[in-house]
Each structure stands twice: as structure tokens, then as C-alpha cells.
Amino acid sequence: MKVLVVLLIALAVIYCKTPLPMEKKVYIRREHSLIKPYSSMSMDTPMWDYSGSTIVSNNEIRLTPDHQSKAGRVWNTIPLMSRNWEILMEFKVHGQGRTLYGDGFALWYSHERQLMAGPVFGAKNGFNGLGIFFDTYSNHNGEHSHGHPYISAVVHNGTQTYDHDSDGTHNELAGCQCSFRGQKHDTFVSIKYINNILTVHTDVRGKSKWTKCFEVKNVVLPVGYHLGLSASTGDLADNHDVKMLKLYEVDLVEGQTYNVDEALKLVPSAEGEPDRPHVHPKKTEKGSSVLWTIFYIFITLVIVFSAIGIGIIVWQKKQEDRRRKRFF
Ligand SMILES: *[C@@H]1O[C@H](CO)[C@@H](O)[C@H](O)[C@H]1NC(C)=O
Ligand SMILES: [Ca+2]
């Protein structure tokens, strides 16, 4: 019996100590996040600067209203020093237009805080860093055209210019079509930058399920850049609302090193295989974490039932022994 108890305790310890394979150590960084309520935050803390048409209300940051020729921006004042990170953002792009709307918004990790108006979703061209573009309007009918709305990633080192007239398809690193606009339910995006791998997932169908948009390897980004958001409207318009942005610092992965001085000097580049063709079949990511959870529940049940079974056998043996003792 004692052996069994020791075995069970040992199993319990192993079970508790074994992290889920999908699990990473993450820490929220509030100084890089946008969390409700906003009006008090914007007054109390100087962590985000606003410009252009941006209006901050209790529940959202409206980068542009549903009016023509607007552009708004929000930029984090504190440089991001995390080597690995994940952004979880809730947003809403909506408006009066049923078939005509635009132009979209962008999430930035850039060297400069681009608070001046510019042509790339309301921000400057020739930027240094990463741009994730949520494009709702197609102004291009060429051979590279793709469906809209469309999410894409661009990494620039300050020398290239983004060609918005061709929807940036010549610059893009990777992209996917995604119907994030005009949804009744909440729409989310997750952007991970871990060990130089950039991964974008979306959850826009109201089913609390992540769908992989794209993954690009060998994306080099320095630390010390600034997070930002921008949006613009043109002849066509939409409300571009950000409801929440949470930045999580993620632990270094095995074998990854982080030297601050070196990481500060890196030049943004993405030499990795561009994830082409431009239009990707939508792939639903297998819920591997769900599988692991089921696996763990199964193992737990096996252990519990074995323990009960063994307990019953031991108890019966004891009863039998006792009866025998009485008998003799
Ligand atoms: C910036 O990018 C351009 C185009 O990809 C490249 O030719 C250039 O060498 C890069 N500059 C630096 C400093 O890496
Ligand atoms: Ca466009």
C-alpha cells in the first residue's frame, strides 16, 4: 500500500511539473498595451500618443470615423525591449457602406513614432520595421490582385517604399484573405514574433477559434522599436476601431540568445522564404492544445481509476485476511 501511495504521489508530481507542450511563459506588458477604459488611461499615462482623426472613448480607440479622407494614428511612447512577443488585439471595422468601404488599418512595430500623416494606411512611407496591414479596399486589378479584406505583413528597412496603388502585393512578405470587416461579433487577431518567426492568426467568425493566416520564418526585427496603429479612409470610409491591444512578453525559446546591444542594432529584414502565392487557401489550425488537454484528462482518469481499482483490491485482500484471521 505504501509503495502505491509513493507511486501515486510521484506520478502527481510528474504530472504537475510537466508543462503543456504548447505552453510558453508569457507576461503581459501593460506599458505596451491598450486596455479599457481608455479616457482615464489617456489622461493619466503618457504611454500612447494620438494624432489625426483618432478619438478615444471609454470602450474603444476610433482611428477613423466613417467619413471620407480621414487618417488617425496612435503610437506607444515606450520602446519595446522584448525579444519575443505576442500581441492579442480586438478590433472592429464597420460602417454604412455595404459593398463600398475602405481603406483599412495597420499595426506597426517601427523605429519612428509616425505621428505625421502619410500614405500607408494613414502613416508614413519608407518606414523602418514591421507593418501588418488590414486592407479592406482593393485599388488594384492587376495580375497580383487578391480578394479583400486582406491581411498582409511587410518588413522594410527604411529604403523601400510601400506601393499602395498595387495593394503592396509586390512588397508583401505573406498574406491571407480574411473577412474581418462588418462582423456583428468580436474580431481578434494574434501576432506572434518568437525566435524570428512571425505568425498571424485570426478569430473573426465568432466561434472562439483561431485560424492561421500565415507564418514567416527568418524575420529579423531589432528591439527598441515602437508599437503603433494607424488607419485611413479615402473616397470610401469605415470606422476603424481598436477595442483592446495586449502585448505579452514571451520567454526565450531553447537555444535562443538575447544580447541587448546586438539586438538594438539589427536591421529589419525578412530573408525567409516569402509565403507565396498571394492568395492562400484558408487553413484551420488543428487544435493541438485541445488534443493535449484531452490526452492529459485521459491520463488523469487512467491514474485515478487504477488507484481506485488497486485500492479496492487491497481493501478486499485486507477484508479477506481479517476474515481468515477470525476464522482461524
Ligand atoms: C534594405 O533593403 C534593401 C532592399 O531589400 C536592401 O537592398 C538593402 O541592402 C537593405 N539595407 C540594409 C542596411 O540592410
Ligand atoms: Ca488597398
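Computed from a prediction, not measured in an experiment: that's the story for all the values here. Computed from heavy atoms alone, side chains included, the values below leave out hydrogens, waters and symmetry copies. We count ligands from 1, going down the list as the structure has it; atoms in each ligand are counted the same way.
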Within the structure, does at least one protein heavy atom fall under 4.0 Å of atom 9 (O) of ligand 1? no
Dump the intermediate steps for salt bridge (Lys or Arg N to Asp or Glu O under 4.0 Å) on Glu215 and Lys212, then the final yes or no. CA-CA 8 Å; Glu215 179 178 304; Lys212 192 188 237 177; 3.1 Å; yes
Cation-pi between Arg181 and Tyr101: NZ/CZ under 6.0 Å from ring centre and within 45° of the ring axis? yes
Hey, is Gln160 touching ligand 1 through its side chain, its backbone, both or neither, going by heavy atoms under 4.0 Å? side chain
Under 4.5 Å between side-chain heavy atoms, hopping through other hydrophobics if needed: is there a path connecting Ile35 to Phe188? yes
Between Glu172 and Ser152, do the side chains contain a donor N or O and an acceptor N or O under 3.5 Å apart? no
Counting from 1, what ligand 1 atoms have a heavy atom of Asn157 closer than 4.0 Å? 1 (C), 2 (O), 3 (C), 8 (C), 10 (C), 11 (N), 12 (C), 14 (O)
Ligand 1 atoms in contact with Thr159 (distance to a heavy atom under 4.0 Å): 1 (C), 2 (O), 3 (C)
Answer yes if a protein heavy atom lies under 4.0 Å from atom 2 (O) of ligand 1, otherwise answer no. yes
In the protein, which heavy atom is nearest to atom 13 (C) of ligand 1, and how far is it? Val267 CG1, 4.0 Å
Find out if the SG atoms belonging to Cys178 and Cys213 lie under 2.5 Å from one another. no
